Protein chains: 2
Amino acid sequence: MSERSAAQHSDMLLFLTDEQLRQGIEAMFFAYQGFTADPDRILSEMAYGRAHHRAVHFINRAPGTTVNNLLGILGVTKQSLNRVLRTLIEDGLVESKVGRTDKRERHLFLTDAGAELERKLSDAQRARMRAAYRDVGAEAVTGFRAVLEAMMDKDMRRKSCALKESCT
Amino acid sequence: MSERSAAQHSDMLLFLTDEQLRQGIEAMFFAYQGFTADPDRILSEMAYGRAHHRAVHFINRAPGTTVNNLLGILGVTKQSLNRVLRTLIEDGLVESKVGRTDKRERHLFLTDAGAELERKLSDAQRARMRAAYRDVGAEAVTGFRAVLEAMMDKDMRRKSCALKESCT
DNA sequence: GTTGGAAAGTCAACAAAGCTGACATATAAT
DNA sequence: ATTATATGTCAGCTTTGTTGACTTTCCAAC
């Protein structure tokens with residue numbers, strides 16, 4: 001069956017050999033290597049790693065987020081996150097403010113220096129993603145996003161969703 | 001512009017806001033979490049980790065491959081791979097045979113026990129990918145694969161390609 | 001044929017970043 | 001007053017990456 005006819009009848013059964021699935025699995029592995037390669041290069045020149053990148057990214061994404069919130073998104077233990085956060089705060093990239101309504105909480109913000117690092121990292125990552133998107137066209141991008149969403153755990157889809165503007 | 005018209009005119013300019021790209025980046029992060037979750041769960045019950053999974057996967061994929069070959073594919077140092085390989089050999093999951101033409105090389109093979117573990121891990125991972133593919137349809141899968149290919153480093157695309165049957 | 005360099009693999013030691021468990025503190029909720 | 005929650009910290013362990021030093025083997029130039 002041709003790709004077009006399959007696409008136009010999305011309720012059709014999709015026959016997938018183990019070989020095809022394995023190719024998808026390997027593509028995911030190699031693509032993720034590429035996806036992290038540029039930020040990793042930048043980070044390794046400083047004393048930081050991928051864990052710092054993730055923290056900085058999501059603090060930028062959701063300024064004022066709490067530690068607990070971040071834990072849920074990143075899926076690591078508080079001890080692990082705390083190590084990273086402590087160095088970022090010490091180095092003046094992240095600011096931690098005691099909550100106004102609930103003083104137990106710490107709200108996290110990027111400083112100017114933190115925002116600068118975030119921009120540097122995400123510029124590199126965005127450039128790669130933009131180039132990939134350009135190579136393949138809008139239709140492929142839609143499919144890409146759809147598969148990624150379907151591959152997440154359900155609770156992660158919710159978290160991912162909560163970070164977008166328009167979300168059911 | 002509608003998705004259809006964009007798809008049918010793939011030479012059209014693709015306008016992408018930073019926000020859209022960031023959503024793609026985050027989707028990649030969350031999807032990779034899901035992608036590795038099932039094998040990770042299985043592995044953590046044994047004394048193994050993700051690195052063992054990768055080694056077992058690619059030895060199964062290309063039986064008789066050399067250590068050096070595997071290094072290139074995985075993108076780690078030989079010392080790092082060697083540790084993983086040593087435990088797999090000690091535990092009787094992988095067999096290492098001295099090269100016949102070049103005695104410096106070691107050719108790697110899965111034992112029956114190794115193949116059994118590989119099957120267990122890849123069954124879980126394939127099930128998730130199959131489910132995701134089913135949810136979105138054939139057209140989306142094509143787009144997904146296209147974006148992944150475009151996001152790899154060039155040399156990785158070659159390696160990935162070398163592992164397929166039909167390749168230019 | 002010998003020799004010197006390159007390549008494949010191994011051993012040792014260290015670093016990043018994950019984990020568990022125990023515990024302290026401050027605050028909120030009941 | 002008591003209990004639960006949010007956060008931070010210490011200690012110690014595991015996985016998996018790194019570099020540097022070393023052996024064995026191969027090959028090519030002399």
Side-chain angles (χ1 to χ4, degrees), chain A residues 29 32-33 36-37 39-59 64-91 94-109, chain B residues 29 32-33 36-37 39-59 64-91 94-108 121:
Chain A
F29 169 69
Y32 201 78
Q33 276 191 346
T36 56
D40 282 355
R41 232 188 320 276
I42 295 169
L43 288 158
S44 72
E45 289 166 13
M46 319 167 145
Y48 295 131
R50 210 177 284 180
H52 300 85
H53 181 192
R54 292 198 281 258
V56 164
H57 172 98
F58 283 107
I59 294 172
T65 189
T66 65
V67 173
N68 220 13
N69 227 295
L70 213 47
L71 286 181
I73 290 170
L74 298 176
V76 297
T77 60
K78 64 174 178 179
Q79 293 91 332
S80 192
L81 176 58
N82 191 255
R83 191 195 302 125
V84 167
L85 235 34
R86 195 165 46 213
T87 71
L88 288 172
I89 291 169
E90 280 169 6
D91 296 353
V94 169
E95 201 179 355
S96 165
K97 289 183 182 169
V98 173
R100 300 208 315 165
T101 64
D102 188 336
K103 289 182 199 155
R104 291 172 303 179
E105 294 179 339
R106 301 298 138 90
H107 298 276
L108 303 168
F109 300 88
Chain B
F29 170 69
Y32 201 78
Q33 276 191 344
T36 57
D40 281 355
R41 232 187 320 276
I42 295 170
L43 289 158
S44 71
E45 290 166 14
M46 318 166 144
Y48 295 130
R50 207 177 286 178
H52 300 86
H53 182 192
R54 291 199 281 258
V56 164
H57 173 98
F58 283 108
I59 293 172
T65 188
T66 64
V67 173
N68 214 21
N69 226 294
L70 215 46
L71 286 182
I73 290 170
L74 298 176
V76 297
T77 58
K78 60 183 176 175
Q79 294 89 334
S80 189
L81 175 58
N82 189 255
R83 190 197 303 118
V84 167
L85 238 32
R86 194 165 48 216
T87 71
L88 289 172
I89 291 169
E90 279 169 5
D91 296 352
V94 168
E95 201 178 355
S96 165
K97 290 182 183 171
V98 173
R100 300 208 314 164
T101 63
D102 188 336
K103 288 181 202 156
R104 290 173 303 180
E105 294 179 339
R106 300 297 135 92
H107 298 276
L108 302 169
L121 293 171

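As the structure is a prediction and not an experimental result, all values here were calculated from the model. Chain letters run A, B, ... following the sequence lines, proteins first, then strands; residues in each count from 1. Reckoned from all heavy atoms, side chains included, excluding hydrogens, waters and symmetry mates.
- Looking only at side-chain heavy atoms (C-beta outward), B/Asp91 and B/Tyr48 come within less than 4.5 Å of each other.
- B/Tyr32 and A/Tyr32 have parallel rings, their planes meeting at less than 30° on a 0 to 90° scale where 60° marks the start of perpendicular.
- Stem regions annotated for DNA chain C: C:1-30 with D:1-30, counting only runs of 3 or more consecutive pairs of Watson-Crick or G-U type with both contacts under 3.5 Å.
- Counting any heavy atom pair closer than 4.0 Å across all strands shown, A/His107 reaches no nucleic acid atom.
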Point to revise | Reading 5' to 3' through nucleotides 2-10 of chain D, protein heavy-atom contacts under 4.0 Å coded B for base, S for sugar-phosphate only, - for none | key: ---BSBBBB
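- B/His57 and B/His53 have perpendicular rings, their planes meeting at more than 60° on a 0 to 90° scale where under 30° would count as parallel.
- Checking B/Arg83 against A/Arg83, the closest nucleotide of DNA chain C that is more toward the 5' end is the one next to B/Arg83.
- For the OP1/OP2 pair of D/dG17 and a distance below 4.0 Å, the side-chain nitrogens and oxygens of B/Thr77 include no atom meeting the criterion.
- Residues B/Arg106 and B/Val98 are in side-chain contact: their nearest non-hydrogen atoms beyond the backbone lie under 4.5 Å apart.
- Whole-Å rounding puts the B/His52 NE2 to D/dG17 C1' distance at 13 Å.
- With rounding to the nearest 0.5 Å, the separation of CG in B/Leu121 from CZ in B/Arg41 is 12.0 Å.
- On the nucleic acid side, DNA chain C has its first and last nucleotide under 4.0 Å of a heavy atom of chain A at C/dA17 to C/dA28, going 5' to 3'.
- With a 4.5 Å cut-off on side-chain heavy atoms, A/Leu74 and A/Phe58 count as touching.
- You'll find the side chain of B/Lys78 stays beyond 4.5 Å of the side chain of B/Asn68, heavy atoms only.
- For the pairing with A/Leu108, the side chain to side chain contact (heavy atoms under 4.5 Å, CB included) check across A/Val56, A/Leu88, A/Asn69, A/Val67 returns one residue only, A/Val67.
- In this structure, B/Ser44 reaches neither bases nor backbone, as no heavy-atom distance under 4.0 Å exists between it and the strands shown.
- As a whole-Å value, the separation of B/Met46 CE from D/dT14 P is 19 Å.
- Contact annotation: the side chain of B/His107 approaches that of B/Thr66 to within less than 4.5 Å [non-hydrogen atoms, C-beta and beyond].
- Annotation: side chain of B/Val84 is not in contact with side chain of B/Val94 (no heavy-atom distance under 4.5 Å).
- Atom CZ in A/Arg50 sits about 14 Å away from atom C1' in D/dT18, given to the nearest Å.
- The side-chain heavy atoms of B/Leu81 and B/Ile73, taken from C-beta on, include no pair separated by under 4.5 Å.
- Mapping A/Arg54 and A/Lys103 onto DNA chain C by nearest heavy atom places A/Arg54 at the nucleotide closer to the 5' end.
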